[in-house]
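Please read the structure below before turning to the comments.
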Amino acid sequence: MSYQPAARSFDTASNPFDGVVAGQILDDEVRAFAPSLKDILARAERSIGGDLDATRALLARANAMIAEAVETQGRTREVSLGGLAPWQAKRVSAHIDAHLGDTIPVSHLAQLVTLSAGHFSRAFKQTFGDTPHGHVMRRRVETAKAMMLKSAEPLSQIAYLCGFADQAHFSRTFRKLAGATPLAWRRAHYGRA
């Protein structure tokens, strides 16, 4: 079975690119490479009857261009859709780090950046990839790890300084996030730093 080329050719002069593919308007990045892609596909169509290796190479090049554009477009959208503004993310992070030992209600964090609690929680998760409570718990565990490596303080004192309700709460949360109890983790890592 052999490939039969399409009856109509992709002549760039008679068929100008209109910026629409599959019903979606392309953004500027895709529009920028579209003429090059169109030229590559036209050359591939012309060479399909003669040189299959050249056709494969041209199609591979076109595929690589599309894959790069899709990957770039996906990253751009992930960053730009929703989430907290950079100044809001910095303010919230600084407040969390400064008040790890205290109770940090979501409503207070939302007030810092003048958002409602519900909107703040959605934007926070979009920006940090975790809920506000989950992020605070991770920061507390990270701080506890640093303290365990730098000092010989008792674990109950570290738990208190990091804002855990008690040592049992600290151990349970630490094991969930770090994969080991605080004492086992400290024994395995103490003296390495």
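Computed from a predicted model, the values in this text were never measured in an experiment. Basis for what follows: all heavy atoms, side chains included, without hydrogens, waters or symmetry-related copies.
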Heavy-atom side-chain contact between [X] and [Y] under 4.5 Å:
X	Y	value
Ser171	Thr181	no
Phe120	Pro132	yes
Leu100	Cys162	no
Ser121	Val106	yes

Listed once per pair and sorted, the salt bridge (Lys or Arg N to Asp or Glu O under 4.0 Å) pairs that draw on residues 109-125, sequence neighbours left out:
none
Atom OH of Tyr160: over 12 foreign heavy atoms under 6.0 Å:
no
Closest non-hydrogen atom pair between [X] and [Y], with its separation:
X	Y	value
Pro182	Met148	O-SD, 3.8 Å
Met147	Leu161	CE-CD1, 3.4 Å
Ser156	Gln167	CB-OE1, 3.4 Å

Residues passing the side chain to side chain contact (heavy atoms under 4.5 Å, CB included) test with His169, sequence neighbours excluded, are Met137, Phe164, Ala165, Asp166, Arg172, Thr173
Hey, could you give me the CZ/CZ distance between Phe174 and Arg186, rounded to the nearest 0.5 Å?
10.0 Å
When rounded to the nearest 0.5 angstrom, what is the spacing between CZ in Arg138 and NZ in Lys176?
8.0 Å
Steps toward side chain to side chain contact (heavy atoms under 4.5 Å, CB included) verdict (Trp185, Leu149):
CA-CA 10 Å; Trp185 189 92; Leu149 292 176; 3.8 Å; yes
Contacts under 3.5 angstrom, residues 83-97 side chains, donor-acceptor by atom type, not counting sequence neighbours:
residue : atom : partner : partner atom : Å
Gln88   : OE1  : Ala85   : N            : 2.8
Gln88   : NE2  : Val113  : O            : 3.3
Arg91   : NH1  : Leu112  : O            : 2.9
Ser93   : OG   : Ala89   : O            : 3.1
His95   : ND1  : His99   : ND1          : 3.3
His95   : NE2  : His108  : NE2          : 3.4
Asp97   : OD1  : Arg139  : NE           : 2.8
Asp97   : OD1  : Arg139  : NH2          : 3.0

